[in-house]
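This report refers to the structure that appears directly beneath it.
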Protein chains: 2
Amino acid sequence: MTDARVQEIPGLGGAPLHQRIRADIEGRIRSGAWPPGHRVPFETELMGQYGCARMTVSKAMAALVEAGLIVRRKRAGSFVARPRVHAPVLNIPDIQAEIEARGEAYAFRLLARAVREADGAAPGELELAAGGGLLALDGVHDADGRPFALERRLVSLKAAPDIEAADFSQETPGAWLLEHVAWTEAESRISAINADAEVARLLALDEGAACLVVDRRTWREGRGVTRVRQVFPGEAYDLVARFGPRV
Amino acid sequence: MTDARVQEIPGLGGAPLHQRIRADIEGRIRSGAWPPGHRVPFETELMGQYGCARMTVSKAMAALVEAGLIVRRKRAGSFVARPRVHAPVLNIPDIQAEIEARGEAYAFRLLARAVREADGAAPGELELAAGGGLLALDGVHDADGRPFALERRLVSLKAAPDIEAADFSQETPGAWLLEHVAWTEAESRISAINADAEVARLLALDEGAACLVVDRRTWREGRGVTRVRQVFPGEAYDLVARFGPRV
DNA sequence: CGCTCGAATATGTATAGTCATATTTGCGAA
DNA sequence: TTCGCAAATATGACTATACATATTCGAGCG
């Protein structure tokens with residue numbers, strides 16, 4: 001008998017049932033009441049407890065698997081997963097948005113711009129330049145007229161031919177790429193260096209000052225799009241990674 | 001008519017149908033064929049194209065929403081989402097595992113250990129100490145006998161009372177906590193500093209050398225568990241964040 | 001006593017239908 | 001012409017059912 005009238009039980013929390021089931025189980029896991037390895041009740045049991053169909057329970061369980069909170073094994077049942085080693089979500093922000101969020105005036109100063117072939121100086125140049133050459137951009141991000149970050153970028157002209165016509169006095173190369181080359185994958189390496197003479201001059205720091213360096217490479221469909229090295233004054237800036245167990 | 005025999009169409013890719021639908025759509029989005037804002041075919045259309053029930057299409061779509069690739073609006077339809085600003089998944093690895101993965105000998109040297117109340121020196125101490133005092137641990141991670149990272153940690157004794165009895169010659173405080181206090185949330189701040197005299201001595205660096213600093217705070221159910229500051233030699237170490245659009 | 005094989009079982013995939021809900025669209029009235 | 005309301009429509013939630021598949025468990029055999 002199809003009885004979809006039970007869909008909404010008024011006065012008992014308006015959320016969809018599968019979400020409530022999910023939340024109930026998640027709560028017990030996060031509180032520690034159900035430790036890693038603990039068996040989650042069988043779908044048939046939960047189905048009885050909540051008075052719903054198995055598909056509804058299953059949907060909740062699937063979401064918990066997706067969130068990495070449980071693992072399911074056929075015939076055996078579902079179990080609370082072992083927490084994974086830290087994998088926080090790092091926010092590498094749009095520098096312009098970040099500065100403006102602080103209420104400071106943002107500007108990007110283009111220092112150098114060149115279209116050329118790979119010269120093999122930096123690793124990965126060959127990959128980027130394949131079949132179209134590359135655009136090299138050097139610039140400084142300013143906050144309230146003071147240097148905030150230094151950026152050296154290579155862009156594959158094959159992956160983004162339109163970028164040759166772009167005007168970077170209004171828009172950063174990063175923002176342009178985000179807008180025009182969608183859905184990329186990226187890898188960032190974060191390290192620290194002592195400012196050499198050039199970096200110190202451009203960022204208005206003392207030579208030897210610690211700087212935070214983000215080296216990012218970006219691909220689309222497996223082909224290199226851009227490679228950028230951003231240098232921040234170490235003590236004035238920090239990256240924040242937030243983490244709720246996931247992926 | 002229930003016709004579940006179609007479940008597996010041999011010789012046409014063994015993956016479940018909803019996964020194939022998902023992959024097809026994802027491919028078109030990632031390739032750029034369907035730009036942000038483009039409307040995804042209606043569920044009824046896809047249902048016809050793939051010759052399946054609406055629930056199956058819906059399952060594929062739900063997964064795409066979860067992955068952040070599309071947004072769905074009632075009455076209006078489903079649309080390719082605008083790519084989000086970078087939110088890569090950062091791997092803050094278990095230091096011990098990392099060193100051993102390189103084939104080097106790992107050791108943790110405990111330098112100082114003290115049970116005390118909050119003295120308000122570091123921000124957030126009061127929160128951690130609430131209702132049970134805290135354990136302060138200083139130590140050095142060694143790789144092949146050479147210092148690899150410096151660690152200064154505070155642990156809430158209320159959140160982890162058993163840690164008073166732990167032996168940190170075999171296991172790092174981080175590993176102990178991971179094993180005994182499950183499913184935490186965390187926030188990491190990453191910055192760069194110049195080594196002061198003490199850091200330089202402990203890490204065997206020159207004074208002033210650039211170091212990468214990870215400041216991590218961890219909660220469970222909203223209550224502070226631990227706060228740790230790890231200092232790495234800047235040029236010898238880097239964090240890697242990988243990114244496939246998500247979260 | 002140990003090992004293999006078959007039965008039991010819990011999850012996984014899929015269907016066809018029903019009712020709910022949020023928008024959008026277009027029609028009609030002010 | 002514009003504003004407001006009603007109808008149309010696409011997604012969202014859920015049920016009941018059917019069959020697939022991977023494991024585990026135990027019975028029976030060597």
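Labels below follow one simple rule: chain letters A, B, ... track the order of the sequence lines, proteins then strands, and each chain is numbered from 1. Being a predicted model, the structure only gives us computed values, none of them experimental.
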Walk me through whether B:R153 and B:L177 qualify under side chain to side chain contact (heavy atoms under 4.5 Å, CB included). CA-CA 12 Å; B:R153 184 185 291 270; B:L177 283 166; 3.4 Å; yes

Length of the CG-P vector between A:L17 and D:dA13, whole Å: 11 Å

Under 4.0 Å between a side-chain N/O of A:T56 and OP1 or OP2 of D:dT15, yes or no? yes

B:F79 atom CZ is separated from C:dT24 atom C1', nearest whole Å, by 11 Å

Here the distance between atom C1' of C:dT13 and atom CZ of B:R20, to the nearest Å, is 12 Å

Residues two or more places apart in sequence or in another chain: which of them pass side chain to side chain donor-acceptor pair (under 3.5 Å) with A:D24? A:Y50

Indicate every side-chain donor-acceptor pair of residues 102-110 of chain B with a distance under 3.5 Å to a residue at least two apart or in another chain.
unit_1: B:Y106; atom_1: OH; unit_2: B:H141; atom_2: ND1; d: 2.7
unit_1: B:R109; atom_1: NE; unit_2: B:D142; atom_2: OD2; d: 2.7
unit_1: B:R109; atom_1: NH2; unit_2: B:D142; atom_2: OD1; d: 3.1
unit_1: B:R109; atom_1: NH2; unit_2: B:D142; atom_2: OD2; d: 3.4

Please encode protein proximity along nucleotides 4-11 of chain C as a string of B, S and -, counting only heavy-atom distances under 4.0 Å. ----BBBB

Just to verify, what does A:R73 make a side chain to side chain donor-acceptor pair (under 3.5 Å) with, not counting sequence neighbours? none

Spacing of A:M47 atom CE relative to D:dT17 atom C1', expressed in whole Å: 11 Å

Atom pair distance, as rounded to whole Å: CG in B:L64 and C1' in D:dT11: 15 Å

Using the test side chain to side chain donor-acceptor pair (under 3.5 Å), find all partners of B:E187 that sit at least two apart in sequence or belong to another chain. B:R189

Side chain to side chain donor-acceptor pair (under 3.5 Å) against B:D162, all qualifying residues, sequence neighbours excluded: none

What is the distance, to the nearest angstrom, from the CD atom on A:Q19 to the P atom on D:dA13? 7 Å

In this structure, how many angstroms lie between the P atom of C:dT13 and the NZ atom of A:K59, rounded? 14 Å

